[in-house]
Each structure stands twice: as C-alpha cells, then as structure tokens.
Trainee: 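One structure, pasted below without further comment.
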Amino acid sequence: MPRCDYSCGTSDHRVSRRAFLGAAGTAAALGSAGFASSAAASELARTQKRVLVIFLAGGVSQLETWDPKPGTDTGGPFRAIPTTVPGTQICELLPYTAKQAHRLAIIRGVNSASDDHGIGEKIMLTGRKPEAGIEYPQLGAVAARLLATDAASLPAHIQILPSGGSGFGKGDAAFLGPKYASVSLGDGKPPADLLRPAGLTNDADSAREGFRKKLNDRFAKSRKSAATEAYSESFTQAERVVKQGEVFDVTKEDPKIADRYGRHDFGRHLLLARRLLEAGVTYVKVSHSNYDTHHENFDFHIEQLGEFDRPFATLLDDLSERGMLESTLVVVMSEFGRTPKINHLYGRDHWSKAWSVALAGCGIKGGALIGKTNANGTAVTEREVNGGHLFHTYLTAVGLDSTRNFRPNDRPVPIADPNASAIKEVLA
Amino acid sequence: MFPSLTRTSLLGGKGLNPNPSPRGEGLVRVQIQTQSIMPFPFLNLPPSGPAPSKARLESELKHPHPLIGCRFDPTGRFLFVSSEDNTIQRFDLLTGKKTALIGHSSWVRGMAFVDSPAQGASELEAWQQRRDGLQSIAGFGSSTLPLPRPTPFVLISGDYHGNLIWWLGDVETPIPYRTIEAHRGWVRAVAVSPDKQIVASCGNDNAIRLWKASDGSALRVFEGHSSHVYNIAFYPDGTRLASCDLKGNVKDWNLETGSCDRDLDAKALHKYDTGFMADIGGARAMEFSADGTKLACAGITNVSNAFAGVGNPAVVLFDWKEGKPKLLKTKDAFQGTAWGVAFHPAGFIIAGGGGNGGGIWFWKGDDLASVRMLAVAASVRDLSLARDGSRFAAAGANGSAFVYTFAPGPAPAAKAPTPKK
C-alpha cells in the first residue's frame, strides 16, 4: 500500500525570502483579475469570505469521528456520545466537538472513489478525479483567485504543515498560475528571513530601499511595462508583509487564548490559522498528522483526536466570538476514510466508499446531518456524494457561482465538476 | 498463607451479592467420553518435565469474532477469552461447553481471578484419578462419572469503557454481580494481589487504582505516570506493584506507603514515530517470576513504521533487585508485537505475539535470543499460562483460542500391513 509522505522537508521545498515576498506581492497585485465576471468579483471583494480547511492527513476514521457504529462488528471499542444537536451522535473521542455540533454540518455519505493517498487528496482538494491532459487547481488556489481582495497584503493561499520547512506548492494552482499557489509554513513557522535582520537598522533599511527605488524609477522611465509594474508592486506588497510579520508569531497572542487552543503543535497551528485569516488571508489549510492507522487504529485515534478535538472546538468558538465564523467556511476533511472492518492488527485500512466530512461557518446550515451509511458503515445508503459535490458546496457556501468557467488561454474550463452540484441541504 | 475462600467470602460476605442465585449448583452427570475434549495434561506430563521443545498444539477453540484476551482460570479447567463482540467466552476444557458472559459494552483486555489457589487443581486431579481408575476397570468410555463441581472463583474483567465487572466465574451462566466505573477511558489491565484481597486496574487516565476484592470499594490511587498505563503486576510477596506506561516507564510502587520507590527503564518498548507524529509502545503484558527475581514486560521494539506495525516483538526482562533490563528478542525474523508473556515454572519464558502472522517464542536461561518459535495460524493478541504450567493458550485475531500442551501427543497410528499380493 502507498506509504504516506506528507512533508519531505528537503532543500527543494525551502523558500527564500525574496521568493516568498515576491509571491505575496504578486498574488495581491493581481487580486481577482481575470475572473469571468468582474461584477461578481467586485461583489466578492466586499464580502471578504475566507476558507479554512483542516486536513486530517492519512485518512481519519469516520467511525471514530462523525459516524460511529458502536455495538456492531465494525464499531470498535468506543461509545457514541450525544451532541448539542438532538439525535446526532458522534464518537466519544470528540467531546469538545460534540458541544459544537449545532455549528456543524456532517456529511455522512461521501464516496470519493479512490483508496490511494495521492489520488484521494487530489479528488478532495480539486473536486475531480485526475484526468489525462489537464490538471485542475486546488480549492486553495481557486479561493485565492476568486475571493482575494486587492487590499490583501498577505499571500492569499497558505498551508500550515505539521513539520518541515517552508515552500511553494507551485503545482497546486495548475492553470491559474503560480501566483495562486500555496505558500507552506512548516510547523507553522514563518519563512526564514521574513523579518529584517537584527543587525540592520531601520535607517539603513530605509536608505537601502530608497536606493532601490531610485534605480527602479530610472529603469522604468525608459522600459516601463506591465511586467515592471507588477515587479515594482511586488516590492510594495512585500513591504506590507514585512510590516505584518507579527501575524506569524503566535506568541503575540493573548496567553489565555493560546491556552484555550492548547499548548501543543496543532493548537498552535490552528491559532496561527485564525491569526492569518483575521489578517486577511483568504485560504488557509492546516494539516494534522497522522491518521493512516493500519495498525492499532484505536490507540492512535485516541492520541490524534485527543489533540484535534479541543483546539478545533476552540477555533469555532474563537471565530464566532470575533464575528468571523459567518464569513469563514471551515472544512474538516481527509483524503478518504478508513475501513469499517477491523484488521488483525487492530487497524483500519483505506476506505473511500462511505465516509464523512464536516463543515461549519460561512453559508453552512449548522446542525445539518446529511447522508447515511448502513448499519456497520460499509456503504452509503442515502444521499451519496463525491468530491465534486463537496467542491461545489464549498464554493457555493462562500457565495461563488461554482457553475461558471475559468478561461485559461481563452478556453472555458468549469470551475467545478459539471457532473456534480452543490449539496443544497447543507447550505444555509 | 492463603485464606481459604468460600463462595460467601468471594462475594464479599453475606448480602453483597445483588444476584443471589446466578450460579448453577449441583452435579451434572455426563458421559465422559463424549464431553471431555482433552485430558488434563498435568497428570500426564512427560517424566522430564515441560520444555519448549515439547510444546504442541492441543486444540483450537473457535469463536466467530476476533479475540482480544485470554486467561486460564486458577484451576486450569476453564479458558476465558474476550472478543471484539464485547463478550467474554468461557470454554470448559472438560466438557467443551462454551458459555458467553454478557455484560460489557466494550472490548475487554483485562481479566484476573479471585480464588483459593490451593484447592481447585487438587480436586480436578482427584477427579481425573477416579475417572482413570474406573476406565481401567471397565474400559474407556464405559463409565459415567459426575463431573466435578467447578471450584468457586470470581472473575474480574475490565473494559475499554472504563468499567470493572465482577462475575462468579464458575457458575452455569455467569452474570455481572458488581460493576464499577473504574477509569476515565480504557481499562488496559487488571491484576489481583497474591493474597486475593486487592484488585488493581490501570488505564488511559494514567492511573493505577486499587480496589477491595471483596466489595469493590476504592482503596488507593497511584498517580505519577504521564501517559496511558498499559500494564500492572503484583510482586509475589504482595508488598509491591509494578506498572508500565506507553513510553516504557516502569514504576515500582510500595503498597504500604503508596509511594513510587523506583523508576525503571523499558523504553526499548517505546518509539515516537516522527513520520506519523505518534507514540507507540507500552507493556502489552507484564509478569513477575514466581521467586520475584525478574520482571518481564512484553511489547514491540525497533519500530520503523508505527502505523503499519513494522517492528519486532520483544521482552524487556528486568533483574528486579538491580533494576537492570535486558532485551529478549526473537531469533526468527518476525514483524509484530508481543502481546503476552509468562514465566513457566520449569524456568523458561514464553511470549506470544502477532503481526505478519502469529508466533509463540521460548527463551531459556540467559539467552537473549529465543530458542524456539511456534508459528500460529493467526495473529496472537494474548497469551495465558495455566497455573500448573501444563498448558498455555493464545488468543487469535481470527477468533480462535489456540491451546497448547507440553504433554506427549497421541502415538502415531500403526502402519497398516502391506496386503499380500
């Protein structure tokens, strides 16, 4: 079976300060230009919608989270517990999340059709099965393209990885171009050299920047073009990023808030995500590793969900308290679920045929429970959906028309899979 | 040394049993030849005594759901197995009868007994001698002899919902007569003190809890572990208790003072897998040698992929006085975890485990590498050695309990004479 390789941390994935700042500036400078409808883009710019994806890497077990089956041959040892939504039960490993159920829509009928890590992730993040001849942009790139505002000074598409260094997911924007690709923050740390070196004084930095501008202006007098304009703009935007460097530093947060998120990596990463969203980043993806539990599934889900549960519940509270939840779509997904059948190692293997995704926030009907699986969770019996339905739903929830087209090279490419549609029962 | 236990004392005195008639009393007359599924090998042990080389599979007892744990009762007549269907199944090795113990609503891994250790085996032995005498006079299968009434004992089992349940283990249909909400989260192991007065349990609330065996009242809590407590074992003289947590920290608790007097290192059984960002480890089984000189902790070592179970079964063997560990490994290449360990009275160590198949390993003397491996037809999830050392059993992930004996097997069938042309 495929071995997970979630973050290699090699030098190839490290990013320089120049590249990081350049990407930030370029993405912001281009904003929502190029959208098929400029009117729609203007409308979106006013609403400031954001997306947060929490990606439970490796494939979280739906039976140990959103669709427990206690007392069956596949149920495992855990209880189902009541939630704040009458009649909806989730696994006992999520006691804090259970108190947030009124904010969640749980989709129990996901059949994403691939048990391969890489393909499964692609389906869940692009809403499409891989096709020969075309790569589709991931949700983060689409959100950055369609939701980011001109005023944004931070990269619109950021992913926080559990470990490793910083980098660019240059392929995840596909035909939208690298300016919408993800900027990765390994272990939630800002890119190296983001902040001005301690030995460089403010005056020296200003003098250096003044000299650069002088040369730049002289060059622009004779060779001004769209490219040089964008290049110049990137420096302006980069300056804004540097000025906002503190947004990456969770130690600036109120310690009481940090305590609520939990003093561990995932708590810190979710807190950073909230800070980034609050600072105007359009799309943040936080990966939590790891759930690929072919062996001792139950022990490892205790450990991993024990780390997930409270920070996630805190995040929803925190977003709500800041008035951000109604404009922030929160998605909890994996590349697939896990087999209902428990193997001889007390493990669960890959299972894409019947699993669950949870949503909250912007455009989502809290407390909704959509779809159903059979008694022991092996198959969807009601309202089956796939990655395409989910992708439409995410975009619709943040106010986008997911049936429209991108036009790379003047060729229409549907934003989302035209063979699927939004799950209307989930939408507020 | 051991107080003589009666049914009343096992129940904790008059009036403590909420189910006054859960037992099936009286003798049942049965035809021995049709009911007895196997002889009791403690009466038929080889003259030279049990040895690793003599272990052989005696029977396979089947259940339709994967097994989790197994324990022989103190007399060796019954084998109790726990299953993923939340039941405990009792196999009567004399009759072959299988009885379900219904009461847990989650998986059971911890099982221990309160009994009078001296009386049960001798009664069975006397019965077997009477039966053999009758058969020698009247021929095998021709006599009827009432089965011996099982010696009273109490089973205490712990489940993954944190509950401990007390059962009358010997009655016709055991039912729970006491249930205690013992731990927050899983109960991972249960042990009974040598004097049968104290029940100890441990689990995912990082605590060890002591209970009065007779009435289930709470006696004491040992706190100090910073991760799930995987196993516990009473020191043979009853003055101490050892515990081991997920991270391989072993604590030596003084039962009189309640203090942890020593920390021992079984970290060879722990790994933080940086790739998957999770801990794997713990003593999946734990036992003192009868003379108290050694403590064995079984688990997995050399882990390279926690989420696929890539590692090797191992036993950390402590010199208890010195606190020094040594690592017993399997001589044969095997990928998996050791889930059970026992000191055989004859002086060797047995461990059972599973992963890419199932295995049972034997270590002798000071050897660090096993001297023999028995391949098992399923991944082994627990191992139990009968108190007299005559048998051991392995709980299989395929639902089978594999019962092994050291007694000689049946003689090979005589070769049929070649027919004349």
Side-chain angles (χ1 to χ4, degrees), chain A residues 1-9 56-59 70-81 92-93 95 161-164 187 264-266 269 287-308 338 341-350, chain B residues 64-68 82-86 104-109 159-162 184-188 204 227-228 230 246 272-282 284 300 303-311 335-337 339 353-358 378-381 396-399:
Chain A
M1 61 193 61
R3 165 75 165 81
C4 292
D5 186 7
Y6 297 98
S7 56
C8 68
L56 304 182
T72 70
D73 61 334
T74 59
F78 299 118
R79 295 181 182 92
I81 57 171
E92 66 171 315
L93 296 181
L161 300 174
S163 60
D187 192 23
H264 50 72
D265 289 348
F266 184 65
H269 297 168
S287 293
H288 187 221
S289 182
N290 189 279
Y291 294 86
D292 194 16
T293 50
H294 297 280
H295 176 239
E296 301 192 359
N297 169 79
F298 307 100
D299 295 82
F300 290 127
H301 272 74
I302 290 174
E303 187 169 353
Q304 307 298 44
L305 290 172
E307 199 170 84
F308 165 84
R338 305 213 73 80
K341 180 177 170 57
I342 300 161
N343 70 25
H344 67 288
L345 302 173
Y346 294 116
R348 296 192 193 269
D349 302 310
H350 302 173
Chain B
H65 299 281
L67 302 187
I68 297 167
S82 57
S83 166
E84 286 184 17
D85 64 3
N86 300 344
H104 286 286
S105 53
S106 184
W107 294 1
V108 171
R109 172 123 179 99
D159 68 30
Y160 284 4
H161 284 179
R184 295 185 309 279
W186 295 5
V187 172
R188 286 187 180 264
N204 285 2
S227 60
H228 297 172
Y230 270 58
L246 167 67
Y272 179 74
D273 188 321
T274 54
F276 292 102
M277 312 187 88
D279 292 283
I280 184 171
R284 311 308 173 92
I300 186 169
V303 173
S304 60
N305 182 334
F307 280 28
V310 181
Q335 180 179 301
T337 303
W339 283 98
N356 60 344
S379 189
V380 171
R381 291 172 162 183
N398 66 344

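Letters A, B, ... mirror the listed sequences (proteins, then strands); counts begin at 1.
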Trainee: In terms of ring plane angle, is the pair B/Trp107 and A/Tyr346 parallel, tilted or perpendicular, where the classes change at 30° and 60°?
Mentor: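 B/Trp107 and A/Tyr346: tilted rings.
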Trainee: CD1 of A/Ile302 to NE2 of B/His228: how many Å apart, nearest 0.5 Å?
Mentor: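 One gets 5.5 Å once the value is rounded to the nearest 0.5 Å.
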Trainee: Hey, could you give me the CZ/CD distance between B/Phe307 and A/Gln304, rounded to the nearest 0.5 Å?
Mentor: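 One gets 5.0 Å once the value is rounded to the nearest 0.5 Å.
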Trainee: Let me know if B/Asn398 has heavy atoms under 4.5 Å from chain A in its side chain, its backbone, both or neither.
Mentor: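 Contact with chain A involves no heavy atom of B/Asn398 at all.
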Trainee: Against chain B, label A/Asn343 side chain, backbone, both or neither, depending on which of its atoms sit under 4.5 Å from a heavy atom there.
Mentor: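 Just the backbone, heavy atoms under 4.5 Å.
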Trainee: Kindly give the heavy-atom pair with the smallest separation between A/Glu296 and B/Trp339, and that separation in Å.
Mentor: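 Here A/Glu296 and B/Trp339 meet closest at OE2-CZ2, 3.5 Å.
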Trainee: Heavy-atom pairs under 4.5 Å with chain A are the metric here; pick the option from B/Gly354, B/Gly185, B/Gly355 that has the most.
Mentor: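 Top count of heavy-atom pairs under 4.5 Å with chain A: B/Gly355.
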Trainee: Show the nearest heavy-atom pair for residues B/Gly309 and A/His295, with the distance to one decimal.
Mentor: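 Looking at all heavy atoms of both residues, the closest pair is CA-ND1, 3.2 Å.
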Trainee: What residue, out of B/Asp85, B/Asp279, B/Asn86, has the most heavy-atom pairs lying under 4.5 Å from chain A?
Mentor: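 Maximum pair count with chain A is reached by B/Asp279.
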Trainee: Check each atom of B/Arg188 against the heavy atoms of chain A and say whether the ones under 4.5 Å are side chain, backbone, both or neither.
Mentor: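 Only the side chain of B/Arg188 comes within 4.5 Å of chain A.
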Trainee: Given that the side chain runs from C-beta out, which part of B/Thr337 has a heavy atom under 4.5 Å from chain A: side chain, backbone, both or neither?
Mentor: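 For B/Thr337, side-chain heavy atoms alone lie under 4.5 Å from chain A.
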Trainee: Taking side chain as everything from C-beta outward and backbone as N, CA, C, O, which of these in A/Tyr291 sits under 4.5 Å from a heavy atom of chain B? Side chain, backbone, both or neither.
Mentor: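 When you check distances to chain B, only backbone atoms of A/Tyr291 fall under 4.5 Å.
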Trainee: Given heavy-atom pairs under 4.5 angstrom as the criterion, report whether the side chain, backbone, both or neither of B/Ala306 touches chain A.
Mentor: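 Interface part for B/Ala306: both.
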Trainee: Would you say B/Ile280 and A/Phe300 make side-chain contact, with heavy atoms under 4.5 Å?
Mentor: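 In short, these two side chains touch, coming nearer than 4.5 Å.
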Trainee: Do the side chains of A/Phe298 and B/Trp186 get nearer than 4.5 Å, heavy atoms only?
Mentor: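 Counting from C-beta outward, B/Trp186 and A/Phe298 do come under 4.5 Å.
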Trainee: What is the minimum heavy-atom distance between B/Gly275 and A/Ser289, and which atoms define it?
Mentor: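 Scanning both residues completely, I find the closest heavy atoms to be O-OG, 4.1 Å.
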Trainee: In terms of heavy-atom pairs under 4.5 Å with chain A, which of B/Ile68, B/Asp159, B/Val310 leads?
Mentor: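 Maximum pair count with chain A is reached by B/Ile68.
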Trainee: For the atom pair OH (B/Tyr160) and CD (A/Glu92), what is the distance rounded to the nearest 0.5 Å?
Mentor: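 Rounded to the nearest 0.5 Å, the OH-CD separation comes to 12.5 Å.
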Trainee: So how far is it from B/Thr274 OG1 to A/Asn290 CG, rounded to the nearest 0.5 Å?
Mentor: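 If I round to the nearest 0.5 Å, the distance is 11.5 Å.
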Trainee: Given that the side chain runs from C-beta out, which part of A/Glu307 has a heavy atom under 4.5 Å from chain B: side chain, backbone, both or neither?
Mentor: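 Contact with chain B involves no heavy atom of A/Glu307 at all.
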Trainee: To the closest 0.5 Å, what do you measure between CZ (B/Arg381) and NE2 (A/His344)?
Mentor: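 Taking CZ in B/Arg381 and NE2 in A/His344, the distance rounds to 8.5 Å.
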